[in-house]
2 protein chains.
Amino acid sequence: MTTELNPLGNHLSYALAAAHRSVTQSLTVRLKKHGIHIEAWRVMECLDAGTRLSMGELAKQALLNPPALSKLVDRMVSDGLVHRQIATADQRQINLLLTNLGRRRMLQVRRDVEDEDRALAQKFDTTDGALLIQLLSQLS
Amino acid sequence: MTTELNPLGNHLSYALAAAHRSVTQSLTVRLKKHGIHIEAWRVMECLDAGTRLSMGELAKQALLNPPALSKLVDRMVSDGLVHRQIATADQRQINLLLTNLGRRRMLQVRRDVEDEDRALAQKFDTTDGALLIQLLSQLS
DNA sequence: TGAAATTAGTTGACTTGGAAAGAAAATTCA
DNA sequence: TGAATTTTCTTTCCAAGTCAACTAATTTCA
């Protein structure tokens, strides 16, 4: 069933990279029409979730290193999706906030991501999708 | 048990990205002492497997787009790890071959990758590691 | 208190990756 | 045959990521 002529096939790191690549590619195609990258979507979802996040916390949740987040946020600011606000308690910290445009955009994007999720879920029978997520979470 | 304050946690694409990031990071640390990237290791393993591969086939197996492979190969050539050979049957094709240095380096790197694999396997009980690989392979 | 150390975020130099165009060989078919 | 098309790989140009250094705010503790 799987075309396993590949010497790397038994390495978890390879299986993971292959699956990640495949899922990322199809999701990227879906998001292209919104003019948005997967990472920007992750940032927006984190922001929407409620609690004010510093850049550092946001970087962890959105799976980005701080410099990469900083630069992504620069782009999102100039696209009008988010804005920076200096935290009152600690003036070194930045709270990032969604703009109205950003919130609307996120809702649109979310629908496509959920479509993609459903498409992925169909590749598994019954509860295997949830099982996969559960196994993956043991790695991070 | 997983710190699930994260709105993205139920998305397969997120769980995958998180796991991939985590595994990639620790493997990258391990490979750093060899001065080699994970992608270069994948290329070398593919080459070692025997059958002559064109750049196109190699790109698929090593999970790289053709331009990325082309550039990586440039670097590997100047590091003395591989060399290009024009295919006799079709002069457009390139067969990439490991040098002796490349083969030796691959064997060294392989030991570290296998260490990493074992470390990962210990995060799961009994057959869950194999199950995870099997589930992941349904995605690619 | 206030100098030293730590923490948060950004910037700069450099590396790598992607999309699209290009070059060269092979194939198609009128 | 040979012009048009397709295939294979590379190059170019630009976008994005990393590491290390930097700035500024906060905390530590002598």
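Here is how names work: the chains are called A, B, and so on, in the same order as the sequence lines, proteins then strands, and each is numbered from 1.
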> Are B/Q85 and B/R52 close enough, and set up right, to give a side chain to side chain donor-acceptor pair (under 3.5 Å), and what steps lead you there?
Replying inline: CA-CA 10 Å; B/Q85 192 178 69; B/R52 292 186 156 235; 2.8 Å; yes
> Are side-chain heavy atoms of A/D128 and A/D125 found at a separation under 4.5 Å?
Replying inline: yes
Closest nucleotide among [options] to the [X] side chain:
| X | options | answer |
| --- | --- | --- |
| A/D90 | D/dT26, C/dA26, C/dG17 | D/dT26 |
| B/Q91 | C/dA25, D/dG17, D/dT11 | C/dA25 |
| B/R75 | C/dG9, D/dA16, C/dT16 | C/dT16 |

Mind calculating the distance between [atom1] ([X]) and [atom2] ([N]) to the nearest angstrom?
| X | N | atom1 | atom2 | answer |
| --- | --- | --- | --- | --- |
| B/I86 | C/dA23 | CD1 | P | 18 Å |
| A/K60 | C/dG9 | NZ | C1' | 13 Å |
| A/L63 | D/dT18 | CG | P | 12 Å |
| A/R52 | C/dA8 | CZ | P | 18 Å |
| A/Q93 | C/dA8 | CD | P | 7 Å |
| A/N65 | D/dA21 | CG | P | 17 Å |
| A/D74 | D/dG17 | CG | C1' | 14 Å |

> More than 12 foreign heavy atoms under 6.0 Å from NE2 of A/H83: is that the case here?
Replying inline: yes
> If each of B/R84 and A/L72 is mapped to the nucleotide of DNA chain D with the nearest heavy atom, which maps nearer the 5' terminus, i.e. the 5' end?
Replying inline: B/R84
>> Closest-nucleotide mapping onto DNA chain D: is A/L64 or B/P67 further toward the 5' terminus? I mean the 5' end.
In response: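 Taking each residue's closest nucleotide, the earlier one in sequence belongs to B/P67.
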>> Looking at A/K71 and C/dG9, is any side-chain donor or acceptor paired with a base atom of the opposite kind under 3.5 Å?
In response: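 Absent.
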> OP1 or OP2 of D/dT23 sitting under 4.0 Å from any side-chain N/O of A/R92?
Replying inline: no
>> Can you give me the closest heavy-atom contact between A/V109 and A/W41, atom names plus distance?
In response: CG1-CD1, 3.4 Å
